[in-house]
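These notes concern the structure reproduced below.
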Amino acid sequence: MERVRRAAHAGSWYTDNPTKLGEELDGWLRASGLTKSSDIRGVIAPHAGYSYSGRAAAFAFANIDPENISRVFLLGPSHHYYTPKCALSRATVYKTPLGDLPIDLEVNEELKATGKFELMDLHVDEAEHSMEMHLPYLAKVFHGRPVKIVPILVGALNSENEAMYGRLLAKYVDDPKNFFSVSSDFCHWGSRFNYTYYDKKHGPIYKSIEALDRMGMEIIETGDADVFKRYLSEFDNTICGRHPISVFLHMLRNCSTNIKINFLRYEQSSQCKTTRDSSVSYASAAAKRKRKDTSLSLSRFLSLSSFETSASSSRAGDPRTIDSGAMVMSPLNKELVYLILQFLDEEKFKETMHKLEQECGFFFSMKYFEDEVLKGNWDEVERYLSGFTRIDDNRYSMKIFFEIRKQKYLEALDKQDRPKAVEILVKDLKVFASFNQELFKEITLLLTLGNFRENEQLSKYGDIKAGRTIMLVELKRLIESNPVFRGKLQFPSFKSGRLQTLVNQSLNWQHQYCKNNITNPDIKTLFVDHSCGQPNSGRAPSPGNNALLASLSRAGGLPALNGPLQQTPTQVSTSLAGWMSTPPSVTHPAGFIGLGASTNPAAILKRPLTPPANNPVVDYPSAGSEQVSKRARQIGISDEVNLPVNMFPATYSNQVHVQGLRPLDDFPKTVARTLNQDFTPTSIDFHPVHQTILLVGARAGAIILWEVGSAERLFIRKFKVWDLGACSMLLQNQASLLKDPSVMANRILWSPDGTLFGVAYSIHIVQIYSFHGGDDIRQHLEIDAHVGSVNDMAFSLPNKQLYIITCGDDKTIKVWDAATGAKQYTFEGHEAPVYCVCPHQKENIQFIFSTAVDGKIKAWLYDNFGSRVDYDAPGRWCTAMAYSADGSRLFSCGTSAEGESCIVEWNESEGSVKRTYQGLQKRSPGVVQFDTTRNRFIAAGDEFSVKFWDMDNVNLLTTADADGGLAACPRIRFNKEGTLLAVSASDNGIKILANAGGLQLLRSLENRSFIPESVTKPSGNLMAGVSAASGAGLTDRVPPSMAMAGMNGGARGSGAVKGTRLTDESIEKLNIWKLTEINEPAQCRSLRLPHSLRTTKISRLIYTNAGLAILALASNAIHLLWKWQRNDRNLSGKATTNVPPQMWQPPSGILMINDITDANPEEAVPCFALSKNDSYVMSASGGQISLFNMMTFKTMTIFMPPPPAATFLAFHPEDNNVIAIGMNDSTIQIYDVRVDEVKIKLKGHSERITGLAFSPALKVLVSSGADGQICVWGIDKWERQNNQFLQVPAWRPLATLSETCIQFHQDQIHFLAVHDTQIAIYEAKKLECVKQWVQRESSAPISHAAFSCDSQLVYVSFLDATICVFSAVNLRLRCRINPAAYLPENISSTEYPLVIATHPSEPNQFALGLTDGSVYVLEPLESEGKWGVPPPVENGSASNFPMTSATGPPCSDQSQR
């Protein structure tokens, strides 16, 4: 039966009038001026509307000679349909206004039989325009000829799949009857495309776009798919056909026909000159079969013969596929080659080293190349180059070879060796004649001159040495510009003797597992697998008898990662793979070799695949594990000195974790609170910011809000319809409804920032409330959502707009606007009631999973094209799906109708069940509920208990029965940090289980003198700025910037602190309060961060926003970065004193060093600011401002050269492209990075700027200066609203310059001002000082101070190295840390902290930067959990900032210093 794909875009993207369309195409084809060639085997052409790209596309299709072509393969990108595979059409014919094009069904079936392709529905086919825009041109060119087409929709392929499809399709390239039409536009530039890359060195924006595109085009012309992938990764150019192009490049690499791509036309839809403009680029290319050329072959025989041999062998099936002179290896092999090169260099095997460089093509030694050029060793010069590039790779390569051969030719002429000159002309230079005949003629004429310098262009040619030197400058420029050399000119930074160190480690590692291990083993024992024999025994036992070694593969002893020992996953429909992208790769610190998925067994580090019984200390990775893992060292073996070690979690799928590495007491198992209520809980959820606020949905539709810290019920409300008139369901009356025991809250859920929560009821209604703190809960929306029960709901944020997603018994999923309640989408396709919804985002693709009670799982995009996935869930009944908190791993928990439950993790790249967790009972009386925490653990309520698993281990880890009394299948929910676990009990109550951190959290609440009750109030769009949405089964975790508000009830926003109260316990403590003194190292936890760089004093210090690292800026302009790794001692991966971090550097070994002026850098004022996502740091040290990439340490740009010099930097809170820059000339410059201009200069200070802080809530910028003045500026019009001088004590003249620092309180209304004489808290709008603490004249001055992340504490450092901790509520001293508690005994008395930084989510952790260049991190003892006890509240006031006079004497606790 004929299935027709309509020309869906005819009449809109191009005319549907056949006559007009034919004339239009004829005109463009003629205007191209190109002739047809039978050597053209493929094209790359754009796919925009013909009014934009039709003319450019003609330069591709005008080359086609249709004479011998009978089949055209179309490769086009998918713009609307997500799939990680390639898809074939279900149609049998494609319609065009110029005639029909039948599909080659035989080839279609052949491709389908490989199992690598999926089939796209007709509506997906017709919605996609990328291939359709090529069809009219093909119909025109092949008019009257029996040609068939094979359309292939290319999805979002990863690198491995691009290569796989390239190999699969390569055989069709070798058939001359086949032709290939690849569809792609180039750069989509502008804010509407979310891409505004601009390199100003090229001039106007449109020139920068062209330069970027042409770089990509030149790389495509080289045929190197790997270099093209690196180009896309580095510049992220929005080439929509990147995947079809990459597949085509792999096809050409793997076929036996020699085909070269050349671009023939480049255009832009418009010329962008400002950031408000936008454009799309169009490029057309022809892929031409290269015929053998005698002169070219002769030249290659002389200079590139070894390369051609290698290239031929690669095309014959050699796995070391060579393209542009470089073999393709796994990352592990590449790193090993680097280590070998380093070893050869250190051992002076220079010839072998350079031979290996040439053969592998990984590193081009510019120094060796220069030496050979200056010596005139031309054969070696070309031989070395041949390992990296060929003459015809690109114009840069051609110019390199031409310059070398031209120099060789001129030297022969200069020596009057005419026979040699003729030989060079004929054998080496004639190859260039086909590219520039006139130039070749001119070179030939030089033979007729007595002295070639008679030629005007060569008149200034000096002697041979000068000629080589001048040529070398040009060669270096060409090599550095040549894309095939990108990433090959800089050798990685390794410690000296690195390979020998690794060999020694491996030697000792192999022997440490031997039962009778020997000391100083012979190096020869590395050559074979072995066991050390008994002392004095004649021989070692056979490896086959050794439990450790017997499991290794006999073929080299090293099974491949995806070899036969891998677990076979439970097969589910591969359509699931369409919704899973490859998990993000782990970034390794310099010095470590990562495991690559190499097919070469020798590329994989030896490791046991079964756990040896005699070594319980080490976890072993499973063969099927996708996580990169590092082997834990056996206890007693010391680490290499100064070697940064990154201990990743290593697991073995059938091994229970030992307590030494997985402390079981880290799980919340202690019953800390019992909450009693009158209704059976049906759904529970912790607040995403306030970690002790618990929301409960129950039977009879009741909702209850608890503060678990005080076990206080803040709010209870029974179900009530808000608007009966708008209700579609016939309800008798409210009273009868309230008495109906079947009404219950099926799902209760907080929005991502906790300003809203929703309740899905069992009677078709969803109610949305807004939360304003305490018991202030207000009605927001009531939605008549479904016919019958609403079974689940979730929040999502596609395009930063908050949506509510619901599902119900009417078999539908619906999406609602969270601000207005307007319905946005309805998804239909399930054949049974929908049980669960799980929204998520992967690589900018936003989608929704849904499960139904018949066990079907479907997936939906936010469009109206129906479900993209349809397959069965394990258990085939009620299944809930949820992602881990970081969004990288997908889990589901389901219960069958027979009561059999299972929890599984899905393989995101394969679309199959990765692992099934063991330990659930066979017959559950109800549906098992589950939750995950810390991206590491899973918990489920089953058999009247809570069961725990490690995500990487299928075996049950531990259980908790909460002292009995739990429900048979209890509801469970972790708080954000996983320190508390709420579990439903059988008596309608809820038990709060806690670990040590949870108990500490609850104790800290007990010790509070007040409990603020404000949260961020909903803004206009309710969720502006939140970057993650809640998913079904899990509430997404909020960013650390939001988590700062978690401890005291406050949050960033416009809400002020209000409504306070004292607890009885805190009142009692007021009477016995005593200052906490810390005098010894044993009284606190401190850690000196390791580093080996030579630095001077630490001038600036900051934690990253995620709390995983610390960045310092030294006074000599060098940046230092320390990162904590997630491991068994530090499950969260956050900064801690328990585990030392690594001083991090990228593999390149470069440092982030600021530009400095000619003046002494010690006299400059360093400053920096970190972007919100921790990706970039902007920094200055008296010179130009630099923007660094935090991952690569590369300098992205520099700007604003002094004078004046920058002294303080602050990113605009709503626009990272706008920066406030304080200058040493007392001005503040508001700078826009996008247009590289200063928008306005703010003048109001008389001395240099020392502090800047934004308040988004008040829309103000507060500045401080060395003149002791504070100014408030409105950020809408940038006008000064207020100014005030600090109230300094009489003994300190104001004229004395001093740095004044400022930092906003988390309420964004008050700020902390720090001067060397005082700390003070101001109300920002009125600039009224509400609290002040002044230092005595005789005491050491203040060096710095900062709020804790929750703004409850103020940390203050002094010039005598003392640290004081104040309560922010009243600026009363609560704890003093003396220098002896954290500094070594022999440290100079002149060393003291210059700067304090506080952790973004741990209020009791802070870091110090000292004058000796060291950095310390301090925390209280775990048993204490906090720095001292809060001091009494003055005058009985419980207010955060009572409006009292700031001019009185210093606080009374001052005398205690």
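Every value quoted in this text rests on a predicted model; they were computed, and no experiment measured them.
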So do T1104 and L1170 actually touch side chain to side chain, heavy atoms under 4.5 Å? yes
Side chains of V1415 and I1098: does their closest heavy-atom pair fall under 4.5 Å? yes
Would you say S1246 and D1267 are linked by a side-chain donor-acceptor pair, where the criterion is simply a distance under 3.5 Å? yes
Closest non-hydrogen atom pair, S1255 against Q1308: OG-O, 2.7 Å
How far apart are the C-alpha atoms of E1419 and N1404, what are their side-chain angles, what is the distance that settles it, and do they pass the side-chain hydrogen bond (donor to acceptor under 3.5 Å, both in side chains) test? CA-CA 6 Å; E1419 291 182 286; N1404 288 292; over 6 Å; no
Looking at every heavy atom in both Y1322 and L1286, which two are closest together, and how far apart are they? OH-CD2, 3.5 Å
N1138-R1085 side chain donor-acceptor pair, cut-off 3.5 Å: yes
Determine whether a donor-acceptor pair (N or O, by modelled atom type, separation under 3.5 Å) exists between the side chain of T1398 and the backbone of F1347. yes
Check: H1245 side chain, E1247 main-chain N or O, donor-acceptor pair, under 3.5 Å: no
Under the side-chain contact (heavy atoms from CB on, under 4.5 Å) criterion, do L1089 and M1143 qualify, and how do the steps go? CA-CA 8 Å; L1089 304 190; M1143 185 175 177; over 6 Å; no
Going through the distances and angles, do C1271 and R1280 end up as a side-chain contact (heavy atoms from CB on, under 4.5 Å)? CA-CA 7 Å; C1271 296; R1280 187 167 66 178; 4.1 Å; yes
Taking the side chain as every heavy atom from C-beta outward, state whether W1333 and I1342 have any atom pair closer than 4.5 Å. yes
Between T1411 and E1391, do the side chains contain a donor N or O and an acceptor N or O under 3.5 Å apart? yes
Measure the shortest side-chain to side-chain distance between L1359 and S1343 over non-hydrogen atoms and say whether it is less than 4.5 angstrom. yes
Got more than 12 heavy atoms from elsewhere within 6.0 Å of NZ, K1243? no
When you measure from the side chain of E1080 to the backbone of Q1083, do you find a donor-acceptor pair of N or O atoms at a distance under 3.5 Å? no
Considering all heavy atoms of both residues, which atom of A1220 and which atom of L1252 are nearest to each other, and what is their separation? O-CD1, 3.6 Å
Mind listing the closest non-hydrogen atom pair of I1363 and S1357 along with its distance? CD1-CB, 3.7 Å
To check you understand the geometry: which heavy-atom pair defines the closest contact between D1174 and A1106, and what is its length? OD2-N, 3.1 Å
Do NZ/NE/NH1/NH2 and the carboxylate oxygens of E1077 and R1374 come within less than 4.0 Å? no
Does some side-chain heavy atom of L1371 sit less than 4.5 Å from a side-chain heavy atom of V1354? yes
Check: F1188 ring centroid to H1119 ring centroid under 6.0 Å: yes
So OG of S1086 and CG of L1418: to nearest 0.5 Å the spacing works out to 5.5 Å
Check: F1193 ring centroid to W1144 ring centroid under 6.0 Å: yes
Hey, are T1136 and N1130 close enough side-chain-wise for a donor-acceptor pair under 3.5 Å? no
Quick one: sort the H1212 and F1254 rings into parallel, tilted or perpendicular, breaks at 30° and 60°. tilted
Regarding E977 and K1134, does a basic nitrogen lie under 4.0 Å from an acidic carboxylate oxygen? yes
Before you tell me yes or no, could you show the steps for L1101 and I1110 under side-chain contact (heavy atoms from CB on, under 4.5 Å), namely the whole-Å CA-CA distance, both residues' side-chain angles and the distance that decides it to 0.1 Å? CA-CA 7 Å; L1101 193 68; I1110 289 178; 3.7 Å; yes
Between A1324 and L1258 the two heavy atoms that sit nearest each other are CB-CD1, 3.7 Å
Are any of the side-chain heavy atoms of L1394 and R1100 separated by less than 4.5 Å? no
Assess whether side-chain contact (heavy atoms from CB on, under 4.5 Å) is satisfied between L1242 and T1227, documenting all intermediate values. CA-CA 6 Å; L1242 309 181; T1227 64; over 6 Å; no
Looking only at side-chain N and O atoms, does Q1269 offer a donor or acceptor that is under 3.5 Å from a partner on Q1284? no
Would you check if Q1142 and K1123 make a side-chain contact, meaning some heavy-atom pair closer than 4.5 Å? no
Would you confirm whether the ring centroid of H1399 sits within less than 6.0 angstrom of the ring centroid of F1406? no
Side chains of W1427 and T1076: do they bring a donor and an acceptor to under 3.5 Å? no
Starting at SG of C1329, measure out to CD1 of I1270 and round the result to the nearest 0.5 Å. 8.5 Å
Decide yes or no for F1304 and I1309: does some side-chain heavy atom of the first lie under 4.5 Å from some side-chain heavy atom of the second? no
Flag, side chain of N1154 to backbone of C1167, donor-acceptor distance under 3.5 Å: no
